[in-house]
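Worksheet: the structure to be examined is printed underneath.
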Amino acid sequence: MNTTAWKTTAELAAFFDQATADLPTAQRRLLQVLKIGEEFGEAAQAVIGATGTNPRKGMSHTWDDVTAEICDVIVTSMVALHRLGVPDPETAFTEHLKQAAARTLATREA
């Protein structure tokens, strides 16, 4: 991810923190993590709509809709790292990605 994305999500986090300043920090953090679940649900709904597997709704979404919803999950997750008080969210994510990739890609060599 580029630094611009992290700066933008930091601005979003600050905006949301200001908008919810009347709530305790622990509650704001909890609600932000739950927001990731909400966004995932919308992505799942878009997949169901793109595949037409809900007989009541048929083909109600496109794969572009799925892409947009997945982007919402990513943005919401990035904002969550900021709102959880992670000192350097970009570095934390980059290091976690390196470790996760190393574990997964190591199975190619096994």
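Small disclaimer: the values here were computed from a predicted structure and weren't measured.
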Check: Are any of the side-chain heavy atoms of V66 and H61 separated by less than 4.5 Å?
Finding: no

Note to self: Rounded at 0.5 Å granularity, tell me how far CD in Q27 sits from CD in Q32.
What the structure shows: 13.0 Å

Item checked: Point-to-point distance, once rounded to the nearest 0.5 Å, from CD1 of I36 to CE of M78 -> 12.0 Å

Check: Hey, what do you get for CG (D88) to OG1 (T94), rounding to the nearest 0.5 Å?
Finding: 8.0 Å

Check: To the nearest 0.5 Å, what is the distance between NE2 (H96) and CG (L81)?
Finding: 10.0 Å

Note to self: Tell me every residue that passes side-chain hydrogen bond (donor to acceptor under 3.5 Å, both in side chains) with T8, counting only those two or more places apart in sequence or in another chain.
What the structure shows: none

Item checked: Partner set under ring pair (Phe, Tyr, Trp, His ring centres under 6.0 Å) for H82, not counting sequence neighbours -> W6

Note to self: Test of understanding: with side-chain hydrogen bond (donor to acceptor under 3.5 Å, both in side chains), list the residues that count as partners of D17, not counting sequence neighbours.
What the structure shows: R83

Item checked: ILVMFWY cluster, I74 and F93 together (side-chain gap under 4.5 Å) -> yes

Checklist line | Minimum-distance pair of heavy atoms, taken over all atoms of T20 and R28 | finding: OG1-CD, 2.9 Å

Notebook entry, point to check: Taking the side chain from T51 and the backbone from I48, do they hold a donor-acceptor pair closer than 3.5 Å?
Noted result: yes

Note to self: Tell me which pairs pass side chain to side chain donor-acceptor pair (under 3.5 Å) where either residue lies in residues 64-76, with sequence neighbours left out.
What the structure shows: T62-D65

Checklist line | Residue pairs, two or more places apart or on separate chains, that pass ring-ring contact (aromatic ring centres under 6.0 Å, His included) and touch residues 8-53 | finding: none

Next item on the list: Sorted by first residue and then second, give each salt bridge (charged side-chain N to carboxylate O under 4.0 Å, His left out) pair with at least one member in residues 30-49; sequence neighbours left out.
Entry: K35-E38, K35-E39

Notebook entry, point to check: Hydrophobic clusters join Ile, Leu, Val, Met, Phe, Trp and Tyr when side-chain heavy atoms are under 4.5 Å apart, directly or via other members; which others share one with L30?
Noted result: L23, L31, L34

Check: Of all residues at least two apart in sequence or in a different chain, which pass the side chain to side chain contact (heavy atoms under 4.5 Å, CB included) check with R56?
Finding: N54

Check: Under a single-linkage definition using a 4.5 Å side-chain heavy-atom cutoff for Ile, Leu, Val, Met, Phe, Trp and Tyr, are L97 and V79 assigned to the same hydrophobic cluster?
Finding: no

Check: Which residues pass the side chain to side chain contact (heavy atoms under 4.5 Å, CB included) test with S60, sequence neighbours left out?
Finding: K57

Checklist line | Residues that E95 engages under salt bridge (Lys or Arg N to Asp or Glu O under 4.0 Å), provided they are two or more places apart | finding: K98

